[in-house]
Amino acid sequence: MRAPVVVVGASLAGLRAAEQLRAAGWDGPITLVGDEPHPPYNRTPLSKAFLAGTASSASLTLRPRPSVADATWLLGTRAVRADLDRRTVDLADGRTLPYRALVIATGTRPRRLTCPGPSAGRHTLRTLADARRLRAALAEPGARVVVVGAGFIGCEVAATVSALGAADVTVVDPLPLPLLGPLGELLATELRDRHERRGVRFDLGRHVTGFAGRDRVTGVRLDDGGTLAADVVVESVGSLANTEWLAGNGLDLTDGVLTDAHLRVGGRPDVVAVGDIARFPGLRYDGVPRRVEHWSIPTDTAKHAARVLAAHLAGADAEAEAEAGVGGELAPFAPLPTFWSDQHDVRLQSFGAPALGTADARVLYGEPGADVVVGYHREGRLVGVVALGGRAAVAAAARHRADLLQQSPTT
């Protein structure tokens, strides 16, 4: 029997990789390994509909395509070691899996604060189990909630918790505005104002130095000497790539797994990385390798990496496939990242890489205070578009997507 393609990581990216391998022609065995006990599910509603109690866990489940009905699923166990020379993956339950090809899809985990103080009452939000614990903690009305981190997840949680009727919701962040890095000053200011109009407070330009309380958190201490009363704390301070199991293979694991322009890892044709963990060259912009944690990336990376891997398994490398035109020309991977974020009754919709152009942000549609679309430019070139508002703003932003796609990626 042929050794399988082993996909380590059984979330969205891993599922899509398995499906795309079938679509690309691989008819051999596929084994998926996941550390959570659940089959793949949609994480996006965890901070919104699921946390609010309007979506069930069953509604989050992703339905695999029939093409992977014969795949082997090893759930509730994690990979602890890989030997890329021997082509094996060791699992926490003691099993060793030989592989013919390897897909790295282990994603990220929340970064945690290392400040002194009790841990009870402190939450992160990445998994279904995290969301269930946080939802249970918010069941009592009138909770005082402090969200540490004014990024996407932090702002979404603040909006959801505020709508649930928390007595007080405060967002703490060392930057002067929420989502300043990815949005720039204009939209970040607008977003803060909309949150504040709905009762969310911000304590910005502040660092957390510790947590008050004995057995559980009762407050959050800040670097200005003040303390915010808290019954529930949500830490949303970034992510760490799950790369530890790959140590010792000579890979660049500085921030995720460094890949080439075809998502291959360490110069090996039989190993690819997909999803949040892949740090691939940003050929559409400047060629700098970056991880991209947006909803579109798991599917985009899976589709490209599967074609590369299937070509190798069929006896050809990616360049040979491209030159021969087998299955169509395989250009280097250069996606157009897309994300959205629902907060209160407005949507943030983005195309491209606005964070690269926040120094030159221009209103393209509407105006601050109402529906607005902002274009982000780098050296005079449009690199990203973000809408804030309702359907009209989102539709206006979508019209600029073609402008972004028509620009030739760097090579």
Side-chain angles (χ1 to χ4, degrees), residues 5-18 31-36 40 43 74-99 101-114 124-127 129-130 151 153 235-282 288-295 297-302 304-306 308-309 333 335 337:
V5 173
V6 172
V7 181
V8 182
S11 192
L12 176 63
L15 172 62
R16 294 292 181 253
T31 298
L32 296 100
V33 179
D35 60 351
E36 292 188 71
R43 298 184 192 276
L74 304 178
L75 301 177
T77 188
R78 61 187 177 88
V80 295
R81 190 177 304 102
D83 188 323
L84 303 190
D85 291 329
R86 294 177 56 213
R87 294 185 180 177
T88 59
V89 175
D90 295 338
L91 306 185
D93 62 12
R95 282 178 286 184
T96 295
L97 305 179
Y99 66 79
L102 177 65
V103 179
I104 299 168
T106 40
T108 64
R109 64 185 183 277
R111 189 185 298 273
R112 297 304 302 259
L113 294 171
T114 57
T124 59
L125 186 56
R126 170 69 180 175
T127 67
D130 292 337
I153 298 299
E235 298 176 28
S236 182
V237 292
S239 61
L240 296 170
N242 294 317
T243 60
E244 290 80 5
W245 64 284
L246 294 165
N249 287 287
L251 305 179
D252 184 340
L253 306 176
T254 306
D255 177 27
V257 178
L258 179 66
T259 78
D260 65 10
H262 285 295
L263 301 173
R264 293 170 297 200
V265 174
R268 297 173 182 267
D270 60 337
V271 183
V272 294
V274 298
D276 294 353
I277 201 169
R279 180 161 55 97
F280 56 86
V288 175
R290 299 181 180 89
R291 289 193 305 110
V292 181
E293 297 185 44
H294 294 329
W295 170 257
I297 292 301
T299 298
D300 290 345
T301 53
H304 189 95
V308 170
L309 211 53
F333 184 61

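Note: hydrogens, waters and symmetry copies are ignored here, and every other heavy atom, side chains too, is used.
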Looking only at heavy atoms, which two atoms of T88 and Y99 are closest? And how far apart? N-CE2, 3.3 Å
List the atom of T108, the atom of A241, and the distance in Å for their closest heavy-atom pair. CG2-CA, 4.1 Å
Could you give the distance from CD1 (I104) to CG (L246), rounded to the nearest 0.5 Å? 4.5 Å
Could you state the interatomic distance from CD (E36) to OG1 (T127), rounded to the nearest 0.5 Å? 5.0 Å
d(N249 CG, R86 CZ) to nearest 0.5 Å is 11.0 Å
I need the minimum non-hydrogen distance between S236 and I153, along with the two atoms involved. OG-CB, 3.5 Å
Count the heavy atoms belonging to other residues, nucleotides or ligands that lie under 6.0 Å from CZ of R268, then report whether that count exceeds 12. yes
Taking CZ in R290 as the centre, count heavy atoms belonging to other residues, nucleotides or ligands within less than 6.0 Å. Is the count above 12? yes
Are the side chains of L84 and L251 in contact, using a 4.5 Å heavy-atom criterion? yes
Separation of D35 CG from T77 OG1 (nearest 0.5 Å): 8.5 Å
How about L102 and V8: do any of their side-chain heavy atoms sit closer than 4.5 Å? yes
Residues R126, D276; criterion salt bridge (Lys or Arg N to Asp or Glu O under 4.0 Å); working and verdict: CA-CA 13 Å; R126 170 69 180 175; D276 294 353; 3.5 Å; yes
Walk me through it: do V89 and V33 pass the test side chain to side chain contact (heavy atoms under 4.5 Å, CB included)? CA-CA 10 Å; V89 175; V33 179; 5.9 Å; no
Counting only N and O atoms by type, is there a donor-acceptor contact under 3.5 Å from the side chain of E235 to the main-chain atoms of L113? yes
Of all heavy-atom pairs between A105 and V274, which one has the smallest distance, and what is that distance? CB-CG2, 3.6 Å
Output yes when a side-chain donor or acceptor of T106 lies under 3.5 Å from a complementary backbone atom of N242, and no otherwise. yes
Would D90 and R81 satisfy salt bridge (Lys or Arg N to Asp or Glu O under 4.0 Å), going step by step from the backbone distance to the final call? CA-CA 5 Å; D90 295 338; R81 190 177 304 102; 3.0 Å; yes
How many angstroms lie between CG in L74 and OG1 in T31, if you round to the nearest 0.5 Å? 6.0 Å
Where L309 and V271 come nearest, the two heavy atoms and their spacing: CD1-N, 4.3 Å
Just by distance, with hydrogens left out, do S239 and E293 show a side-chain donor and acceptor under 3.5 Å apart? yes
Do the ring planes of F333 and F280 sit parallel (below 30°), tilted (30 to 60°) or perpendicular (above 60°)? perpendicular
Do T259 and P281 come close enough that some side-chain heavy atom pair is under 4.5 Å? yes
Nearest heavy-atom neighbours spanning V292 and P337: CG1-CB, 4.1 Å
Flag, side chain of R279 to backbone of D255, donor-acceptor distance under 3.5 Å: yes
Can you name the salt bridge (charged side-chain N to carboxylate O under 4.0 Å, His left out) partners of D83, sequence neighbours left out? none
Test R43 against L12 for side chain to side chain contact (heavy atoms under 4.5 Å, CB included), laying out the working first. CA-CA 9 Å; R43 298 184 192 276; L12 176 63; over 6 Å; no
Drop me the distance from I297's CD1 to I277's CD1, to the nearest 0.5 angstrom. 14.5 Å
